[in-house]
Amino acid sequence: MSEKNYQVIKGDVKARIDRWISQYPADQRQSAVMPALRIVQEINGGYLTRELMDEVADYLGMPPMAVYEVATFYSMYEHKPVGKHKICMCTNISCMLRDADDLVEYLKEKLGVDVGEVTPDGRFSIKKVECLGACGEAPVAMIGKEYYGNLTRERLDELLDSLE
Amino acid sequence: MAEIPLNECCYRLNHLDRSWDIDVYMANGGYEVWKKVLAGELTPQEIIDEVKTSNIRGRGGAGFPTGLKWSFMNRHAPGPKYILCNSDEGEPGTFKDRDILRYNPHQLIEGMMIAGYVIGANTGYNYIRGEFWEPYKRFDNAVKQAYEAGLLGKNILGSGWDFDLYTHLGAGAYICGEETALIESIEGKKGQPRFKPPFPASYGLYGRPTTINNTETLASIPMILAKGGKWFADLGVPGAGGTKIYAVSGHVEKPGNYEVRMGTPFKDLLALAGGVWKGRKLKAVIPGGSSTAVLPAEKAMEMNMDYDSIAKAGSFLGAGSVIIMDETTDMVKALERLTWFYYEESCGQCTPCREGTGWMYRIVHRIRTGKGRPEDIEMLKDVSGKIMGRVICGLGDAASIPVASFLEHFEHEFRHYIEHGCSIYDRA
């Protein structure tokens, strides 16, 4: 692979992606597309752009379309700006049975934004997600990489206050 | 209620401080089986025989006998072969594998090593769903510890056997729990299931022979071989051995994971979970995750938690994900949420599923919002019946079973919505 002038895939970012590439057979670089997209999304403040996806495609030797397919198939990739803290509320059956819908309504009211929107200060956005696989602690939210369980309105208040 | 033995297999170390550390695992018999295997004291055929004796059936939801699955692989076939672990735990109501990854990752690693050896695979990948960051870090750290201890890598403990183990992180897609979608995902593609045959044992990851097992299945293997297949079989019922982790959620006082013996009465499991919350009565139970048929309370209270008994009651053990609903539950609203899930998660490949899941959601949604039509019930039955068996993977059936079973047992609630525009619990 020739050394190109990539905007994002260089230095530490390149090293992180290369570590993932190294765990697949040498002729299967595209297997690292999911971690590569996750890493460049993280670097870009939580969402992907056409330029980022194209850079990943070039770096992994994939047709850009194949990268767009992956980037739009999996729900953890974003294609427009999100809050610094993306609040992913599970609303699936086990959380629903323990009033997750009320928490979504409360968040909308408290933050003054709808699901899918970002607060004007850029701190928070709300996303409804499918089962997070932690139903024993329902209702559950994922904020960033962390899970928060047994949520109530009060616990959400404390949690949001504790996040910068 | 007699004393119920808990945590005899996958969760046997969960009560210990830093149970995820290799020192704790090795102080409790960990990696002893792996060392015996490497020393040639247990041959692949002996391991398969022992696993068959144990009567363990796949814990991911399909319940396929693990020993039989392993016997499909020709370990002497030339070229790379792969062992994959399915930790893409996404079935609504399921959260058991997360606690194996967090609290007993080494037992899973040892299970993957052994499975790889049996099928002749020198490489393994554990596919962990992307949301499981903390479990991933635990597992990844445990893998590092196993490398440092010389239990993974090249020429392990001088045996001449090589085995490398890696993690692949998902990024949010329920369908990747389907084994061929999982393979596609590791190959860097959309997670769309493959048409079968060929099955993964002949054409799997990168077109190579591959075996895929669930996390709980693989984590059970070291215990089966340490204590014997008969020990495991005797814990369970005829035809289905062992312990089973039941993830109990919904309207109970103490939701959580309960590793009990296969065949434990449902009512005892419910009591373990503290009973129905708020002193309310039980209305309905989904015994095996959202894709299994809902059962009314009276049927559930009579069944035992094993494949045959749950099947007799009219449902399926699935992944052992027990969702409890109390007497205030609006079944139309519950089904509306489930139909939305399958609509959202259909990969879009097969027309009956892609279109049908949307139809089912829209019909249940309009019933729930008071716009239902008298013919909607028949339409729902018709659409769900026309998805089942007409698609290439299990998601279509999984989407149809809730619809069919909610209507079978709670049709009157749907009719009430259609006739009165509100739930049976609303005062009109």
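So you know, we letter chains A, B, ... as the sequences are listed, proteins then strands, and number each from 1. Below, all heavy atoms of this structure are taken into account, side chains as well, without hydrogens, waters or symmetry copies. Computed from a predicted structure; not experimentally measured.
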Looking at A173(B), G93(B), G130(B), G191(B), which one has more heavy-atom pairs under 4.5 Å with chain A than the rest?
G191(B)

Is there side-chain contact between [X] and [Y], with heavy atoms separated by less than 4.5 Å?
| X | Y | value |
| --- | --- | --- |
| Y147(A) | R98(B) | yes |
| M76(A) | E131(B) | yes |
| F73(A) | C347(B) | yes |
| W20(A) | H168(B) | no |
| Y206(B) | Q28(A) | yes |

Shortest non-hydrogen contact from [X] to [Y]?
| X | Y | value |
| --- | --- | --- |
| P92(B) | C131(A) | CA-SG, 3.6 Å |
| P25(A) | Y82(B) | CG-OH, 3.6 Å |
| R129(B) | L132(A) | NH1-C, 3.4 Å |
| A334(B) | I93(A) | CB-CD1, 3.8 Å |

Would you compute the distance between atom [atom1] of [X] and atom [atom2] of [Y] and round it to the nearest 0.5 angstrom?
| X | Y | atom1 | atom2 | value |
| --- | --- | --- | --- | --- |
| Y166(B) | S22(A) | OH | OG | 6.5 Å |
| Y74(A) | S185(B) | OH | OG | 3.0 Å |
| E91(B) | E130(A) | CD | CD | 12.0 Å |
| N92(A) | I323(B) | CG | CD1 | 8.0 Å |
| M96(A) | K333(B) | CE | NZ | 5.0 Å |
| E134(B) | M142(A) | CD | CE | 13.0 Å |

Could you tell me whether the side chain of [X] and the main chain of [Y] form a donor-acceptor pair under 3.5 Å?
| X | Y | answer |
| --- | --- | --- |
| Y77(A) | G172(B) | no |
| S249(B) | G136(A) | no |
| R98(A) | H251(B) | no |
| Q30(A) | E187(B) | yes |
| R337(B) | T91(A) | yes |
| Y125(B) | Q23(A) | yes |

Side chain from CB out, backbone as N, CA, C, O: work out which of these in [X] comes under 4.5 Å of a heavy atom of chain B, or both, or neither.
| X | answer |
| --- | --- |
| E137(A) | side chain |
| A138(A) | neither |
| V129(A) | backbone |
| Y24(A) | both |
| D101(A) | side chain |

Take L169(B) and M34(A), measure what side-chain contact (heavy atoms from CB on, under 4.5 Å) needs, and give me the verdict at the end.
CA-CA 8 Å; L169(B) 263 184; M34(A) 289 168 67; over 6 Å; no

Considering only heavy atoms, which portion of [X] lies under 4.5 Å from any heavy atom of chain A: side chain, backbone, both, or neither?
| X | value |
| --- | --- |
| R208(B) | neither |
| I324(B) | backbone |
| K189(B) | backbone |
| A247(B) | neither |
| Y258(B) | neither |
| L338(B) | side chain |
| T94(B) | backbone |

Please indicate whether [X] has more than 12 foreign heavy atoms, meaning atoms of other residues, nucleotides or ligands, lying under 6.0 Å from its [atom1].
| X | atom1 | answer |
| --- | --- | --- |
| K108(A) | NZ | yes |
| R123(A) | CZ | yes |
| Y361(B) | OH | yes |

Among S31(A), P35(A), S75(A), which residue forms the greatest number of heavy-atom pairs with chain B at distances under 4.5 Å?
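Most heavy-atom pairs within the cutoff with chain B belong to S31(A).
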
